[in-house]
Amino acid sequence: MQREAVRTTEGPVMVLAGAGSGKTRVITYRIAYLIGEKRVEPHRILALTFTNKAASEMRQRVDELLHDGSSRGLWIGTFHSIFARLLRNYIHLIGYNGNFSIYDADDSKSLIKQVMKELGMSVDVVPAATVQGVISRAKNSFILPAQFQADASDYNSRQIAGVYERYTSKLRENNALDFDDLLLKPLELFREHPALLEQLQEYFGYILIDEYQDTNRVQYLVAKALAARHRNIFVVGDDAQSIYSWRGADITNILNFQDDYPEAAVFKLVENYRSTQTILQAANSIIRRNRKQIEKELVSKQSEGEPLTLLEAFSEKHEAEKAGDYIRTWKLSKGFDYRDFAIFYRTNAQSRVLEDILRMHRIPYRIFGSISFYKRREIKDAIAYLRFILNDHDTESLLRIINVPPRKIGEVSVGKLRTYAAEHDISLYETVTKAAEAGFPGRLKNALEAFAAVIENLKRVAEEGSVYEVLSALYESTGLTSLLQAENTPEAMARYENLQELLSMARDFSDHNQGANSLNDFLNDISLATDYDEVQESTNYVSLMTVHSAKGLEFPVVFITGLEERLFPLNFYEEAELEEERRLFYVAVTRAQRKVFLSWAKSRYHYGQPQRNMRSMFIDEIDGELLVTEGGGSRENGASAGASRFVSQGSGRAAVPAAFSAAPDARPAPPKPAGLRAGTRVHHAMFGPGVVVSVQGSGEHQKAVIRFRTAGEKTLMVQYANLTIER
């Protein structure tokens, strides 16, 4: 099948490359075949990738296959790098200079802040990062300022439309493009200069696109425009691994390929060279539940393999302990190294408990695609606050937090504080508390007094309150979490989840350390954790990562943790979102070569509160004969498929805390707002305030179409949305 895909050089071709089926091999052999056998001039071949690493690897493999350096002139690179190169040559046709600047995300955000200030918009009401995200999504969907303005139906959207228009003008004035423009401007160029498009269509006789399921609307339109003449477009991808809609990826590009090119040859690569047959059967049983997909069944080139194992734990700590126990046991009894194990989780915040347990048992680990929990910026900020509450002579902590969140106390202001402290031989914080008598300018004096008031209040809470109460007061008085919620970007929400995980840690600590000098002890535990040498200068370590980070990797043994409703799948509101969560689970399972462990915790601290959990629906979607519970029993013998999703009491080495105790047959019903109808004002934890446009259905199938101020229109499943009606 690979050979046929390589040799079918004329006309549109789609290669559906299942996990571990050798897609990179197919692309590189095809390029080599075009040059070496079909005698196509290298400069007529355009190969588009998503990462520089993939492009470099592809070029290297082609060179190895051809031996003679005949690939010189080949156009191979990321979408952004290739079209930046084209724009350098032709952008003068639409009024730019060829030596344009390319603004990175920080440059772009800075310019947006400037535009918002000019328009009288407060970044406290609508954060600049939120505006930046909305504009980026619009550009990637090929929505230009005029159309965005026409579609704006509420006050915030109209405000952002004004920013978008002026931001676009400012970029032109500065002879600058942002990253999104590198794809948008070619379309503008093609539209205004069709003769140039015809020239490029003739020039590029063969177009190849890797990871086609990850393309967005603009990438799709650019590729379609360039391929329109010869129609020799070759796309490789897997709809079952489309997991980046939050970045703008549009799965319909690959699902509708045959609608765009009815004559397309389609090749399905289903022979997997990575995983056992049992693992692939489990993956097949998972993904076939999705309605929007191109059907295919992966087949293994390996042995049958052993069943997946389900681990049921009482708490997140118990879950992490089970994973650690299996890693130690299998390393000793089965000859595995630490590097053979990977632990996956749905959200970055989940790494904290896993890290704590692995450190406790001296198991070396490394966070892949992120950094250790305690080294994350927002965690270090919160911990610095806690340290300073106990010790207000800690100058390093003070300098870290004095302008977090922003209080307009910059380097110049800090310099004034340092000078006054040195002249009067007092600590830096004493200088802060003497802001009025120090004669600082009014704005600085007010900012310092407000900061001191926060610190003194937190000191009072710390005298009598628990760690949990201190941290809760910290979040409330500083706005550390609410500001991230308001920003509502994927990065901000990840940081928000990390802070909430720290709050859960504080609650757990407070529940189990009554009467101790809790804040000091809490900080001591964190200090010991941060001093741990994770990798210990070795390459032999357990890999920890989110499932998104795991795409493209493989490991002999994989643990997929946190398989609970509302965690994995994460809170979902639309069918399309649930299907993407299922694809994400499919990606996780297909990373494993020999063994998969699935785990869930019957109880877990969530946002600082103990929460009972239901087992993930995804566990029940795996064919029963492919999955055994810990100890070797079948899933059906361990517990019925339905009932086992609910919390139940049982024996084990860890007792269920009283806070989690409940009747075993009681399903925790999510709150359902009464009286939901068109016009109702609601609030959502992630999307913020909004207005109900319409309500469809009833009971557990009820959906609400809601127009949110910053997130736009969403269709949510009411029973999962946790909406609050605003009175």
Answer yes when Glu581 and Arg346 have at least one side-chain N-carboxylate O distance shorter than 4.0 Å, and no when they do not.
yes
Are the side chains of Tyr167 and Gln114 in contact, using a 4.5 Å heavy-atom criterion?
no
Aromatic ring pairing Tyr164/Phe148, orientation class (parallel under 30°, perpendicular over 60°, tilted between)
perpendicular
Could you tell me if the side chain of Thr252 sits less than 4.5 Å from the side chain of Tyr220, heavy atoms only?
no
Angle class for the His548/Tyr244 ring planes (parallel below 30°, perpendicular above 60°, tilted otherwise)?
tilted
Is Leu144 close to Phe142 at the side-chain level, that is, under 4.5 Å between some pair of heavy atoms?
yes
Is any side-chain N of the basic residue among Glu564 and Arg604 closer than 4.0 Å to the acidic one's carboxylate O?
yes
Under a 4.0 Å N-O cut-off, is there an ion pair linking Lys109 with Glu491?
no
Indicate yes or no: does Arg191 engage Glu188 in a salt bridge with an N to O separation below 4.0 Å.
no
Is Glu355 salt-bridged to Lys375, going by a charged N under 4.0 Å from an acidic O?
no
Are Phe344 and Phe368, when compared by the centres of their aromatic rings, separated by less than 6.0 Å?
no
Describe, in one word, how the ring planes of Phe568 and Phe585 are oriented to each other, choosing from parallel (under 30°), tilted (30 to 60°) and perpendicular (over 60°).
perpendicular
Sole candidate of Asp181, Leu182, Leu177 that passes side-chain contact (heavy atoms from CB on, under 4.5 Å) when paired with Phe179:
Leu182
Do the side chains of Glu211 and Lys551 get close enough for a salt bridge, i.e. N-O under 4.0 angstrom?
yes
